[in-house]
Structures are given as structure tokens and as C-alpha cells.
Amino acid sequence: MNYNPVNALLIFFGLVLIGYLLFRPKSGWFWIIKNNLKSNEKIIIEDVLKQLYHNENSGKEMNLHDLSNSLKFSDGTIVDVVKKMAIIDLITFNGDIIQLTSSGRDYALRIVRVHRLWEKYLAEKTGFDKTEWHDRAEKMEHKLSHEETDRLASHLGNPKYDPHGDPIPTKLGKVASLEGEFLSSLKVGTIGRIIHIEDEPDVIYKQILAEKIHIGSQIRVIENNKERVVFYAEGQEFILAPIVAANITIALLEKEESLEENMARLSSLKDNEEAEIIGISKESRGDGRRRLLDLGFVKGAKISIDLKSPLGNPIAYLIKGTSIALRKDQASKILIKKGVKHGK
Amino acid sequence: MENKVNSACETCPQYNAKGLKKLGVHTGNFDYVVALAGNPNTGKSTVFNALTGLRQHTGNWPGKTVVRAEGAFEYDNSKFKLVDLPGTYSLLSTSQDEEVARDFILFGKPDVTIIVVDASRLERNLNLVLQILEITDKAVLCLNLMDEAKRNNVKIDERTLARDLGIPVVPTSARFNKGIPELIQTVNEVASGKIICKPHRIKNVPKKIEDAVAKLSAEIKKQFPTIPNSRWIAFRLLEGDARIIKALKTGEFV
Amino acid sequence: MKKDEIEKLITLSSDLRWKIGDEFHDSLAEGIYADASEISNASVSRANEKKKFRLDSKIDSIVTSKTWGFPIMFLILALILWITIVGANYPSAMLSNLLLDNVHPFLKEVAANIGMPWWLDGFLIDGVYLAVAWVVAVMLPPMAIFFPLFTLLEDFGYLPRVAFNMDYLFKKSGAHGKQALTMSMGFGCNAAGVVATRIIDSPRERLIAIITNNFSLCNGRWPTQILIATIFIGAVVPSSFSAVASMSAVIGIAILGIFFMFLTSWALTKTVLKGEVSTFNLELPPYRPPRVLKTIYTSLIDRTLIVLWRAIVFAAPAGAVIWLISNIYIGNESIAAWTINFLDGFGFLLGLNGVILLAYIVAIPANEIVIPTILMLTVLVTGVTGGEGAGVMFELDSVNATGDLLRAGGWTLLTAVNLMLFSLLHNPCSTTIYTIYKETNSLKWTTVATILPIIMGFIVTFLVAQIWRLF
């Protein structure tokens, strides 16, 4: 046998490299080929419909050029598909502007419904990270049939909103509208509640996540100018670039609706401080949230720190007579009111 | 050492000639089924061992018993089969332990459910107790770890507690076999119908939800006139519990 | 029937659900706790508002402190392992003296007296009996020491504090702090470690703990590591350092196992397991004085005997297979010799040899019989004098003699190092595989848990062998 360790190593690393190129996440050749094989007409039609729907909703008009710029299919394919869609009465041309017909709009709403329901499903019933919801829902929206969608909806309790705060169209195609204003447009001193966090584009969404801004939080705007938007929420100050703040929608609250000025996150509780739980943030979902409630992290419960682990995380809290350890990210999703004395 | 019942009161009826006989794992031919439920860390398995004379392992760990353990004892000429359920904080979530415990109380229809609670942490433990009392009418509260409670200077007025919960309350220290004879006697009385329970039903539910529950519960009663826990099933339906929906369809409640 | 009515009922419930909205579970949970507060306030009175029982908080402040938390933990683990390994030596020697040196010859004699045919005698006594006896002798004493000690700590309430201390490290690789405990339990026996993962109630973290438990070097593998390290690693340093060198090599392997455990946990979280639900909560229960005798009794019944029984069930057929492959001939070579020749090429690539690979294949049921099988097969293929005959496992009394035999079988330092690595990184024993299947109820996860470590073992030993040969 003509054996040489160098050859053996070369062959080995060659195989590893090929394996990597084929199967690396997202851009592996295997996945690309698999996706291209599946990119059939149905998917392109549905993507075009969705694109038109979102643009019409935000009052933008689209021509063929805009459309092919915003989708990652070749121009030729899109032209073919658009022609076909006009024939089967999903779209009409108004000059060179493309518009949805009413049946096209219904179709688009169904796609949006599946997408948002699936995001809700991922948030409530699985452990996938937030950053993955969108891409997974993008794939799933082309797959589910009507019956499957309805079953999914009833399994989830026919939710009204997806985890980002977007309304989910009903079976009959009704959509609640999102009544609110962009954070970037609010005057200093405005009080409101975060009702929507846009998950596209990815770069900006990741910045919002990194700031640990939670949907459902009450906020007060402290500063708003060209450089930055500063707001106060849950005992902390958050600083965002205006372009990032534009992706957060706020429902305005009347002053009387009393912003809890001494509301804070449990993660900010210090040794020897005592507090009362106000509630659990909407960011805590699914089984994790239920478990917290079962363990007694409910409105009105008194809480204080019992023990800190040697590395500072997790921290054990004394609640209803028992010591229960929580990780920091869990504690940041529990809202408290500080300065409450223990006792009867 | 496990087999000797502590002689807290030699004249009690449970010490008469036909008194207690621990039967270990011999669970055949029983007259009553008794379920043993409770939070983790309440000494539930110790109570189980004290009742049956078995030596199931009892770790100082939340969630020790995942599979149900079974044992038996005989008292007053009646044979009792005792089923030890997994320790859970609640029956509202969907973890495997909770499903095992919940399914047994709901579908196994035990004649009596002993709910073991830690006397020093009563409020926390009541969360589970109140849920169980929505499911079953026949229950006994075993106020365990009384020795620890005493050390922690916790005093409990058992009569008020029994009145508020609507079920008999028996203080015990199962580690030292204290209160076990009284527990057995009470279980027997509930099983044989000498004591009728009027369990507490959850009150502090927001109006909007209570209305929905009442409406749904009435409909359930119409379909299944015999079931005692229509309100709890309504709770579960509103939660969208797939297991309960399936049970309705297959008629497991009848 | 009233099927329609039930459908109506379900429709009504989903309509109502839609009307109530998201906050149903929250409101109900809050409502129940509000009732609980009222009831407990009416009947409970506290003499004074002490936060916790004084002794409890004193112990807690030490065992979770920045300075003492970790040292205490490692000290306790090291102490338990030390007591187990050292303490098991004597009963193990006694058992093997009894079962292997006395009962085995006695059985052979009885068989000869009643005129049992040689093949039946070999199959039953040299094959099945010997394997079972070996497993009992090597496995029972350490488990009978390790599990009760561990259970005492558990009953006392110390283990949740360990999980609390370690959680931050485990969280980094996507795992749960309680995995520190299932891992430690794995140092005793992987099957028991897998069962112990029941304490982890989050689905994703529990699967991680199950799949990576095999990276804890179990009782069945410690003796192999120690023997090989003593023979080969101890020999390359001056004799005054040999004990230290071989001991450090063994500890190094155990630490490498911990490293692979973290690495694999992390990789699993990022790939196949990322969709599984993940939650965290950890109750720190009050300390309770353990009842020593009772604990020893129950942990013997609950853990040791059950695991031992499973191991015996699996070891018996393995013994039969070992005897059969060495005694059934195809042409003029036994099946074992054929297989070894066939595996030699691949074994060489991994820096091992055909004998070792075959031994690991037939010894899947129990790591305890790997070394005796290797010795028997080495004698079989090299034709060196010694041993007990084809298909009869044996061990030599002297470490030196074992070393000489292995060197005669062509072993080098590389073979030894790679055997130690391979002993750490290979499929779990069949008892553990079966337990994993019982616990997960999933063929998929059982397969992952079985295949993953062996692939890692192949890669690691392959790379080590090639790089070794470069120099």
C-alpha cells in the first residue's frame, strides 16, 4: 500500500472542504441547488403578490422595474410570470404601474396570513431564535394548504397579532390596521406603548434586538433629533439612530393612563432591595412564560434576591417562600415596582 | 423500621384489630384507588413510602418521579391502591410530568386524591391544590413537613384551612411517620363517603373570562350531564388544550 | 350520535378563545394565585419574618460564594471519584478472584465431569458466563460505592446548588446547569447519567444532556485508561515520574471529554436542536439531613441493581459472540482472524489496529470487557504463548506482562494514545443506547447519540495518527 500521512491528510481535508462547500448553512451548493429546483412558478407568483401587497399598503406604486429590483429572481422569469398573472386576473396594468386585482389581493392576504401565523407558531411552540422566524416563515408560506392553515390557526387560538405586532389576516381576509406612529416621528415627552417591531431589513432588526427593546413596553420620548432618538422604558434609557427608530411603531397613550415611573426590569433589582411584580413582558412567550406564571411570578407577588451564583448569572429570587433561580435574560422580561416593603 | 407506625395515639380507631396493613407492591384486587399529588420537594414520595411500606427513592430534587409508582395498603378491611404522581407546580402547562399527573386525576378517576403540600410554603403549593380541586371532588390535604414549619415558626390554623378549601386537612411529618395514621383514616372516610367534600372553586377570575367559562361550562354539562368538572374542562378548552379536545371527541369523559 | 354537538362545543370554545384573546392563561394563573394568597393569609401566621432558616442561608452563602463555590464543588467530585476508584479495587479483586479464578475453573470441571461437549462448554462457560462474571466483577463495586455517595449529596440538597453555580458555563454552550450533575453521574455510569437527565425539564437541554453524556468517562472505561496509561505513557518518562505522568494522562483524557461535551452541546444547539423548546427554571430546595442507611438501600435498588441487570442482559450474548467468532472457522482461519485482517487497514489509518476495532465491535455491550477481549484476540492472531485459549477472555496479573503481550501484538505509544482517545470517543455501550431509546422514545435521537461520538472518534484518532507519523 503506498501510504503517506501527507496524502491521507490532504484527502481528508479535501473531503471536509467539499462537505463544507456543499452543506454550509444558507449558501452551501446543495441548498442552492435544492432551492433552485423548488423555485417554481407558484413561489414566484406568490412573492410578486406579497411584494405588491406590502407596497400598496404603504402607499407606494410599483412598475416592472421596481418589482424585479426588489425580488431575487432573474428579470426574464419575472416578466414571464407577470404576463401570466395578468392573464389569470391577479394583477392589472395602469400605465406601467402594476396593481393588484381584488382576487390578487385576496391571494396575497392568504400568503401574509400563513407567514404571520407561522411566525406566531415558531414563537409560541418552538425554540427557534427570533432572528430565524422570518426566513422560516418565508419558506413555509408557500407550503401550507388552506386546511392546514386553518388548523394551525385554531391550534394557536386564532391569534390576532404575530409576535412582531403585525395583525394576522383572518380566514375571510380581514386585517386589523396598525394604529400607531413611528418612534422616529414622536415629539419629546410623548408617552406610548411599543406595538410593533419591524423584522425587515435584517440588519436593523438585529440592532433593535441587541438593544433588548421589548414589544409591549411603555415608553416616554426624552430626546428626538437628527442624530438620535432617546426614550425611557422599564427603568432604562435607550438610544437609537432615527433610521432604526423608524422601524418601531408606538401606540400613543394619554398622560392619564399613568406611566409607571418606577417600573423596572427584575434584572435591575439589587441585593437587599424589595419589589413587587407588575407583570411579565410580552417578549416572554410560550412554555417559558407559562412556567414563570406557574412558579408564582404573577402580578402582586413580592420578590427579592436570595442568592447570586459565583459568576453572577443566574440569580436566585425569593418568591412566595421559595428560592427560584432565573437567568438574566428571563429576569429582564419580568417587570417590577421597586421600593415595596415586604410583609403583610 | 419503616413498617412500624408511630404510635401517636394508641387508642385511635386505626389501631384496632383490623387496622393498617402495608401491602407494598401487591396492588391486585383493591377496593379504592388513591392518587398522590403535590409539588416537587414536598416529601410526596416519603408519604408514599410511609403509607405503603415501600422504599421508593426520594431525592431532594424537583421532578424526581417521572413515571408513576404504585403501591398498596389495607385499612379497615378495605384495600387501597396508591398511585404516586409526578411532582408538578401546576397542571396548566404542557410538560410531560404534568400531563401524566393531570391525565391520571382526570381520566383515572381516583376515589381519593391526597394532595401533599409543604406547610412552610402553603401559598405556593395552593396553586396546584386549587387546580386539582377544580378537577376532583374527593381530596384530602396532607399538610406535610410540619417539623420544618415548626422550626421556621410557621403556624397554620388547620380548621380555617379545611373550611376554606372544603376538604379535610391532615398535618403530618412523613419522615418521622407522624400523622400518617390520621391521614389513612381520613382517606378511608372520604373514600367510603363518610366525609363529603365541598371543594373550593377558583374565584378571582376576571369577569370577561368568567362569563366565557360559565357559558362553555353550561354547554359541556348539557352534553355530559354526569361529569363533575365541566368548569375545569371549559378552562382547558379556552386554553386550546389539544388533549382535552381529543378526549371530548373520543368520549373519554363518559 | 352527538358528534355534531361536540363539534359545536369546540367551535364555541374557539370563538370564545378568540374573544378573550391572549391573556387567558395569564389571568387564570393570576386568579389562582390570588385565591391562594387569600386562603393562606387566613390560616397561616408567622411568628417572625425570618427570610430563611439560619443554617440554610449560612450553608448557601458558602457553597455558592465566589471564592468557595467552585473549589468546594471540584473537591467533592474529586473525593467521590477517588473513593470510588480506590475503594472499588478491593471488592473488585475479591469478586474477580471468586468469579473468574474459582467459580470458572469449577464450572469447567463440572462440565468435564458430566461430559458436556466441548463446544457447549465453551459457548456457555467460556463465552456467556465469563462475560457476565467480568461485568459483575468490574462494574458492581464502583457503582455500589459511587451511586450511594452521589445520592447522599442529592438528598441533602447540595446538587441543585451545583447546577446553580455551573449554569452560566453551561448556558454558553446552550445547555442547562443541571447537566453538570447528569455529567457527573455519567462518570459513574452513562446509562445512569442518561436516566438522571429527567431532572432537566426543558426539552432541548434534556436532549443535549442525553446525547453528550457519553463524553463523561464512565466506570467501565477508567480501568482501561489507567492500565494503558501505566503501561505506555508511564514508560516514556523516567520511572520516578511514571505514576504522575500516567495519572495526568488519564485526567487529561477526562478533561478532554468535558471539552468535547461543551463543544458538542454548542454544536447541537446551533444545528439539529435549535427548534426544540427551551425553558429554564431551577428551584433551590431547603437542605434536609439525609437518612444514610435508607439512602444507601434505595440507591442500591433504584440505580445500581437496575443498571447492573441491564448490563448483564447485554453482556451475556456478547460473551457468546466473542467465543463463537474465535472458534468458528472459515477455511483455516477463525471468523475473528478474518475480521481482524479485514479491519487492519482501517485500523492502521486511525493509528489503531484490527484487534482493537474488533474488540470494540464485540464489546459494545460493556466497556469492561474491552481489555480482556483485546488480550484474547492478540494471543489469537499473534500466536504468542499465553492466554486461556480461543474465545476465552483473560487478564494478566502483572501490568508488565500485559505490556509485553501488547507490544508483541505490535503496539506502540501511538496505539496507546489513540486507544485512550478512542475509549473516550466511541459509541455508548448498548446498555446506554437502550436507555437513551427508552428515555427519548425516538430512533432519531438514539441514532444521533450513537453515531456522533464514533465519528468524532474516527476523526480525532485519524488526525492524531497522521500528524504523529509526519514527525
Side-chain angles (χ1 to χ4, degrees), chain B residues 1-2 40-41 55-64 66 90 92 95-97 120 122-127 129-131 148 151-161 164-165 175 200 202-206 208-209 212 215-216 219-220 222-223 234-235 237-240 245 248-249 251, chain C residues 2-3 5-10 12-14 16-17 19-20 23-25 27-48 50 52-53 151 154-157 159-160 198-199 201 203 282-283 285-288 290-291 294-295 297-299 301-303:
Chain B
M1 148 194 169
E2 256 69 35
N41 263 307
R55 295 177 175 89
Q56 218 208 353
H57 178 66
T58 58
N60 193 356
W61 251 122
K64 200 69 222 333
V66 174
S90 159
L92 295 175
S95 78
Q96 198 193 345
D97 304 13
S120 325
L122 186 61
E123 182 185 348
R124 155 175 306 280
N125 283 238
L126 281 177
N127 179 40
V129 175
L130 294 175
Q131 291 177 36
E148 270 183 36
R151 248 187 299 149
N152 292 331
N153 290 317
V154 175
K155 283 210 183 82
I156 296 177
D157 179 358
E158 291 130 25
R159 294 175 69 183
T160 312
L161 186 60
D164 285 349
L165 289 174
R175 270 173 75 97
H200 172 97
I202 298 161
K203 286 181 308 203
N204 280 306
V205 183
K208 185 164 123 188
I209 290 175
K215 197 168 165 191
L216 199 53
E219 284 300 315
I220 295 168
K222 232 188 262 168
Q223 298 308 322
F235 282 145
L237 285 180
L238 291 175
E239 184 91 38
I245 293 175
L248 275 180
K249 284 183 180 160
Chain C
K2 48 184 186 176
K3 217 168 188 166
E5 306 291 322
I6 303 232
E7 280 304 328
K8 257 192 228 161
L9 195 64
I10 293 165
L12 173 67
S13 78
S14 33
L16 290 170
R17 245 180 115 186
K19 269 185 211 151
I20 295 172
E23 69 267 37
F24 173 73
H25 188 94
S27 310
L28 186 58
E30 278 165 13
I32 298 172
Y33 265 111
D35 275 27
S37 275
E38 283 173 17
I39 295 173
S40 83
N41 283 344
S43 56
V44 178
S45 57
R46 280 164 206 275
N48 53 358
K50 238 185 265 169
K52 244 201 295 187
F53 192 50
T151 314
E154 177 178 335
D155 284 0
F156 176 55
L159 297 190
R198 287 175 184 177
I199 57 175
D201 57 4
L282 175 63
E283 183 183 336
Y287 292 101
R288 290 185 181 131
R291 287 193 286 174
K294 199 182 148 112
T295 301
Y297 177 84
T298 51
S299 75
I301 299 291
D302 266 20
R303 286 183 174 142

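Within every chain, numbering begins at 1; the chains are lettered A, B, ... in the order of the sequence lines, protein sequences first and strands thereafter.
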Interface residue of largest heavy-atom contact number with chain C, from Leu216(B), Leu237(B), Ile156(B), under 4.5 Å: Leu216(B)
Presence of salt bridge, Glu283(C) and Arg124(B), under 4.0 angstrom: no
Pick from Ile10(C), Ile39(C), Leu12(C), Asp201(C) with the largest number of heavy-atom pairs that fall under 4.5 Å of chain B: Ile39(C)
For chain C, the option from Lys215(B), Arg175(B), Arg159(B), Glu219(B) that forms the most heavy-atom pairs under 4.5 Å: Arg175(B)
Contacting region of Asp35(C) [heavy-atom separation from chain B under 4.5 Å]: both
Arg46(C) side chain vs Val154(B) backbone, donor-acceptor pair below 3.5 Å: no
Heavy-atom pair count under 4.5 Å with chain B, highest-scoring of Ser40(C), Gly31(C), Ala36(C), Ser43(C): Ser43(C)
Under 4.5 Å from any heavy atom of chain B - which part of Ile20(C): both
Pairs of heavy atoms under 4.5 Å with chain C: top-ranked of Asn125(B), Val205(B), Ile209(B), Val129(B): Ile209(B)
Side-chain touch Lys249(B)/Glu7(C), heavy atoms, less than 4.5 angstrom: yes
Which portion of Ser120(B) sits near chain C, non-hydrogen atoms under 4.5 angstrom: backbone
Interatomic spacing from CG in Leu130(B) to OH in Tyr33(C) - rounded to 0.5 Å: 10.0 Å
Per-residue contact mode, Leu165(B) against chain C (heavy atom under 4.5 angstrom): side chain
From CG (Asp157(B)) to CG (Asp164(B)), nearest 0.5 Å: 9.0 Å
Options Glu158(B), Gln131(B), His200(B), ranked by heavy-atom pairs under 4.5 Å with chain C, top entry: His200(B)
Glu148(B) bridged to Arg288(C) by N-O distance under 4.0 Å: yes
Reported OG-to-CD1 distance for the pair Ser14(C) and Ile245(B), which is rounded to 0.5 angstrom: 7.5 Å
